[in-house]
Asker: 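To start, I am sharing the structure in question, which I have written as C-alpha cells.
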Amino acid sequence: MEHYAALLSFGEGGWGRSIASGVLVTISLALATLPFGLLIGFFIAVGQQSKEPSLRLAASIYTTVFRGLPELLTLFLVYFGAQIGLQKVVAMLGIDATIEINSFAAGMLALGVVFSSYASEVFLSAFRAIPAGQYEAGYAIGLSNWLTMRKIILPQLVRIALPGLANLWMVLLKDTSLISVIGLADILRQTGVAARVTKEAFLFFGTACLLYLILAIISSFFITRIENWAYQSQDTEKERA
Amino acid sequence: MTMTGNTTAPAAETVLRPPALPHPWTGTRVVGYALVGLWLALFIGLAIYLYNSWRIDLFETYAPKYWSGLQTTLILVAISSLLGALVSIPIAIAGLSKNRFWHAISTGYVYFFRGTPLLAQTFLIYYGLGSLRPQMQELGLWFFFRDAWNCAILAFTLNTAAYQAEILRGAIKSVSIGQWEGAAALGLPTRVTFWKVILPQALIVALRPYGNELILLLKGSAIVAIITIYDLMGETRRAYARTFDFQTYLWAAVIYFVMVELIRNLWNWIERRLTRHLVR
C-alpha cells in the first residue's frame, strides 16, 4: 500500500506532479475548445433554420460530415492533413522547412468541429422549442433583428439548450483523451508513461479513470450552478404568481 | 357535385398568373451559395485528389487489408453491441429497483462507465489487467486477458452496456403509470404486463437512442487500433506508416462515413416501419 502511495506522491520517485500537469492540460484543452465549439455550433444552428435553402444545405452538410466520422479519424485528418497541407504551401513559397503542427491546436480544431456539429443540433432543437410569437412580439415592440435575438430569444435558448450542452461538455471532456494518441501530455498520456516505466499499469490507468470521474463530478457541480443562474428569472416569476 | 369539376376550370386564356415572387440576391443568399460552393469545391477536390493519387499497386496491396479491417470493425461492433444489450438488461432492472442496494450498484456502474473515456477503460482492461499477470494466472483468467481482441470486446461490451442500460431505463420509465394500472385493472399479472404492454411501448421510445448508440460505438471502435488490433483504423494507420500517403486516411474517412450514413438511413427506415401505427 505504501508502495502505491509513494508512486502517486508528488515527491521524489512519485508521479503525482507529472499526472497533475496532465490534468491541467486536459482541462485547458477542454476549456479552450468550448467557446470555439459553442460559437460555431450556434452559427450552424442559425444556418440550419434559415429560410434560405442553400444556407440550410451548407449547414447540414457540415453536421452530417463531422458527425459521420470517428473522432479519432477527424483528429488524424486534421493533424496529418494540416501538416501536409502547410508543408505544400511552404514548399510552394520556396522555403525549405519542416512544419510541425502543435498537437494542442490540432486537438482543439478537431474536437471543436465535432463539438460544434453536435452542439448545433442541440441549439436547433432549442430554437424550434421557442414559439414564433416570441419573435413577433419582439418585432412588434420595435426591436431590431439583432436585439430580438439577444434580448428575447437567447435567454430562453440558453435555458432550453443547457441540459444538452452539459451532456456535450461531458463528452468533450472524455474525448480529450484521444489527443494523447498524437502526443499531447494529457492525463492519459502521463499515466500511460508512468504505467510503462513502473509496470503498475492497473494502478495508473485506474487513477486516470478516477481523475476523469472527478472532473465529471466537478463539472456537474458547476453545471448545477449555471442551471440555477439560468432559471433564476423563472423562480421569481413563480414566487410572484 | 357533378358540376363542380367544370365550373372551377375556366378557359385557360382568362387566367392571370400571379406575379413571380421577388427573389433578390440577399446577403444570406450570397453567403449560402458561397458556402455550398465551398463544400462542392472541397468534395470535387477530394475526388480529384483521390483519382490522381490512385495507384494500382497500392490498391492491390492495401484493398484486401482494408477489407479485412472493415470486417474486424463490423464484427467487433456487432458482438459488443449484442453482448452489451444482454448485460444492460440486469443493470436497467437494478436501476429501476426500489431496493437501495441494487439501485446504488446500477447507478455506480453507469456513472463509472459513462464518466470515463472509453480509451481509458480499454487501457485499464488491456494494460491494467494485463499487468496483474500472476494473479490472473492463479484465477485461470490469463488466457482471456492475454488477447487484445478479448479485452477490446470486454471493454466495449461493458461501456455500451452502461449506455444501453440508461436508454432502457429511461424508456421503461417513459411509459405512463396508467399503462401499468390499466393492465392491473384487467387482471394481467405483472410479468405479462411488462412483456406485452410496457416493453413494446418502451422499445419504440428507445429505438432512436439505440441507433445513436450503435453509431457512437461504431465510431468509438476506431480506438482499438491503439491496442494493436487491426480494425479499419488499425489497417489505415499501418498503411500510412508504410506509405506516408495521406490518401490512406481519406479512404478510411470515406468508408467510415458511408457506414455511418448506411446505419443512419437504415435506422430511419426501421423507425418509419415500426411506428406506422402511430402516424396519424
Side-chain angles (χ1 to χ4, degrees), chain A residues 47 50-59 61-62 64-65 67-77 79-81 83-85 114 170-171 173-178 180-181 187-188 191-192 195-196 198-206 208-217 219-220, chain B residues 26-40 42-43 111-132 135 215-216 218-223 225-226 232-233 236-237 240 244 246 248-250 252-254 256-261 264:
Chain A
S50 148
K51 284 198 195 78
E52 172 60 40
S54 62
L55 210 55
R56 282 204 303 268
L57 179 67
I61 292 176
Y62 181 90
T64 314
V65 166
R67 296 197 311 162
L69 295 178
E71 288 78 5
L72 188 62
L73 187 60
T74 310
L75 182 64
F76 283 155
L77 286 177
Y79 187 59
F80 294 119
Q83 208 144 319
I84 291 168
V114 174
M170 298 289 189
V171 173
L173 210 53
K174 289 185 284 170
D175 277 351
T176 54
S177 66
L178 296 176
S180 63
V181 179
I187 295 179
L188 205 56
T191 49
R196 221 171 306 133
T198 60
K199 310 266 184 247
E200 292 284 358
F202 195 77
L203 172 73
F204 281 109
F205 286 127
C209 285
L210 272 185
L211 286 173
Y212 280 109
L213 272 186
I214 292 169
L215 288 183
I217 292 169
S219 311
S220 53
Chain B
T26 55
T28 31
R29 202 159 157 231
V30 172
V31 172
Y33 271 71
L35 288 177
V36 171
L38 197 67
W39 278 118
L40 216 62
L42 216 65
F43 287 132
Y111 204 88
F112 178 79
F113 280 99
R114 300 207 323 165
T116 57
L118 179 57
L119 188 60
Q121 292 158 20
T122 312
F123 280 0
L124 186 66
I125 289 177
Y126 181 56
Y127 295 118
L129 293 181
S131 72
L132 304 176
Q135 291 92 321
I215 289 175
L216 283 184
L218 174 68
K219 294 199 297 170
S221 74
I223 65 157
I226 301 167
L232 181 56
M233 191 72 192
T236 308
R237 269 160 62 102
Y240 182 73
F244 285 107
F246 192 59
T248 50
Y249 278 120
L250 291 176
V254 170
Y256 271 113
F257 183 72
V258 168
M259 273 198 292
V260 169
E261 282 304 292
R264 206 166 64 88

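Each chain gets a letter, A, B and so on, in the order the sequences are listed, and its residues count up from 1. These numbers come from the heavy atoms of this one structure, side chains and all, not from hydrogens, waters or symmetry mates.
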Asker: Looking only at heavy atoms and a cut-off of under 4.5 Å, which of B/F257, B/Y126, B/Y33, B/Y127 has the most pairs with chain A?
Answerer: B/F257

Asker: Just wondering, do B/R264 and A/T64 contact through their side chains at under 4.5 Å, heavy atoms?
Answerer: yes

Asker: Where does B/F43 contact chain A at under 4.5 Å (heavy atoms): side chain, backbone, both or neither?
Answerer: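 The answer is the side chain of B/F43.
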
Asker: Would a distance-only check, ignoring hydrogens and angles, find a side-chain to backbone donor-acceptor pair under 3.5 Å from A/K174 to B/R114?
Answerer: yes

Asker: Report yes if the side chains of A/F76 and B/R237 come closer than 4.5 Å at any heavy-atom pair, otherwise no.
Answerer: yes

Asker: Can you name the closest pair of heavy atoms from B/A253 and A/L69 and give their distance?
Answerer: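 Shortest heavy-atom separation between B/A253 and A/L69 comes out as O-CD2, 3.4 Å.
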
Asker: Who among A/T74, A/T176, A/V181 has the most heavy-atom pairs with chain B under 4.5 Å?
Answerer: A/V181

Asker: Return the option, out of A/L57, A/D175, A/I84, A/V65, with the maximum number of heavy-atom pairs under 4.5 Å with chain B.
Answerer: A/V65

Asker: Please determine, among A/A208, A/A195, A/G81, the option with the most heavy-atom pairs under 4.5 Å with chain B.
Answerer: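 Top count of heavy-atom pairs under 4.5 Å with chain B: A/G81.
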
Asker: Between A/F80 and B/Y240, what is the ring plane arrangement, given parallel below 30°, perpendicular above 60°, and tilted in between?
Answerer: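 It falls in the tilted class, 30° to 60°.
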
Asker: Tell me, side chain or backbone of A/T198 under 4.5 Å from chain B's heavy atoms, or both, or neither?
Answerer: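 Neither part; nothing is under 4.5 Å.
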
Asker: Of the listed residues (B/L119, B/I125, B/L35), which shares the most heavy-atom pairs with chain A below a 4.5 Å separation?
Answerer: B/L119

Asker: Kindly indicate whether the side chain of A/L72, heavy atoms from C-beta on, has any atom under 4.5 Å from the side chain of B/I226.
Answerer: yes

Asker: To the nearest 0.5 Å, what is the distance between OG (B/S131) and NZ (A/K199)?
Answerer: 10.5 Å

Asker: What are the two closest heavy atoms between B/T116 and A/C209, and how far apart are they?
Answerer: CG2-O, 3.2 Å

Asker: Let me know if A/S177 has heavy atoms under 4.5 Å from chain B in its side chain, its backbone, both or neither.
Answerer: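 For A/S177, backbone and side chain are both near chain B.
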
Asker: What part of B/L129 gets closer than 4.5 Å to chain A, counting heavy atoms only: side chain, backbone, both or neither?
Answerer: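 Contact with chain A: backbone and side chain both.
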
Asker: Which atoms form the tightest heavy-atom contact between A/A216 and B/G115, and what is the distance?
Answerer: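 Distance-wise, the nearest heavy atoms are CB-O, 4.4 Å.
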
Asker: Given B/F123, which of A/F205, A/Y212, A/F204 fulfils the ring-ring contact (aromatic ring centres under 6.0 Å, His included) condition?
Answerer: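 Per the ring-ring contact (aromatic ring centres under 6.0 Å, His included) rule, the option paired with B/F123 is A/F205, out of A/F205, A/Y212, A/F204.
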
Asker: Is chain B contacted by the side chain of A/L215, its backbone, both, or neither, given a heavy-atom distance below 4.5 Å?
Answerer: neither

Asker: In Å and rounded to the nearest 0.5 Å, what is the CG to CG distance from B/L124 to A/L203?
Answerer: 10.5 Å

Asker: Between A/P70, A/A201, A/G206, A/S219, which shows the greatest number of heavy-atom pairs under 4.5 Å with chain B?
Answerer: A/P70

Asker: When you measure from the side chain of B/K219 to the backbone of A/R67, do you find a donor-acceptor pair of N or O atoms at a distance under 3.5 Å?
Answerer: yes

Asker: Can you tell me which portion of B/L132 sits under 4.5 Å from chain A's heavy atoms? Options are side chain, backbone, both or neither.
Answerer: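 The answer is the side chain of B/L132.
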
Asker: Evaluate the side-chain proximity of B/L250 to A/L77: yes if any heavy-atom separation is below 4.5 Å, no if none is.
Answerer: yes

Asker: With chain B as the partner, which of A/A59, A/G68, A/P53 has the greatest number of non-hydrogen pairs under 4.5 Å?
Answerer: A/G68

Asker: Heavy-atom distances under 4.5 Å only: say whether B/F244 touches chain A with side chain, backbone, both or neither.
Answerer: neither

Asker: Are side-chain heavy atoms of A/I217 and B/Y111 found at a separation under 4.5 Å?
Answerer: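 Yes. Closest side-chain heavy atoms under 4.5 Å.
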
Asker: Where on B/L216 is there a heavy atom nearer than 4.5 Å to chain A: the side chain, the backbone, both, or neither?
Answerer: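 When you check distances to chain A, only side chain atoms of B/L216 fall under 4.5 Å.
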
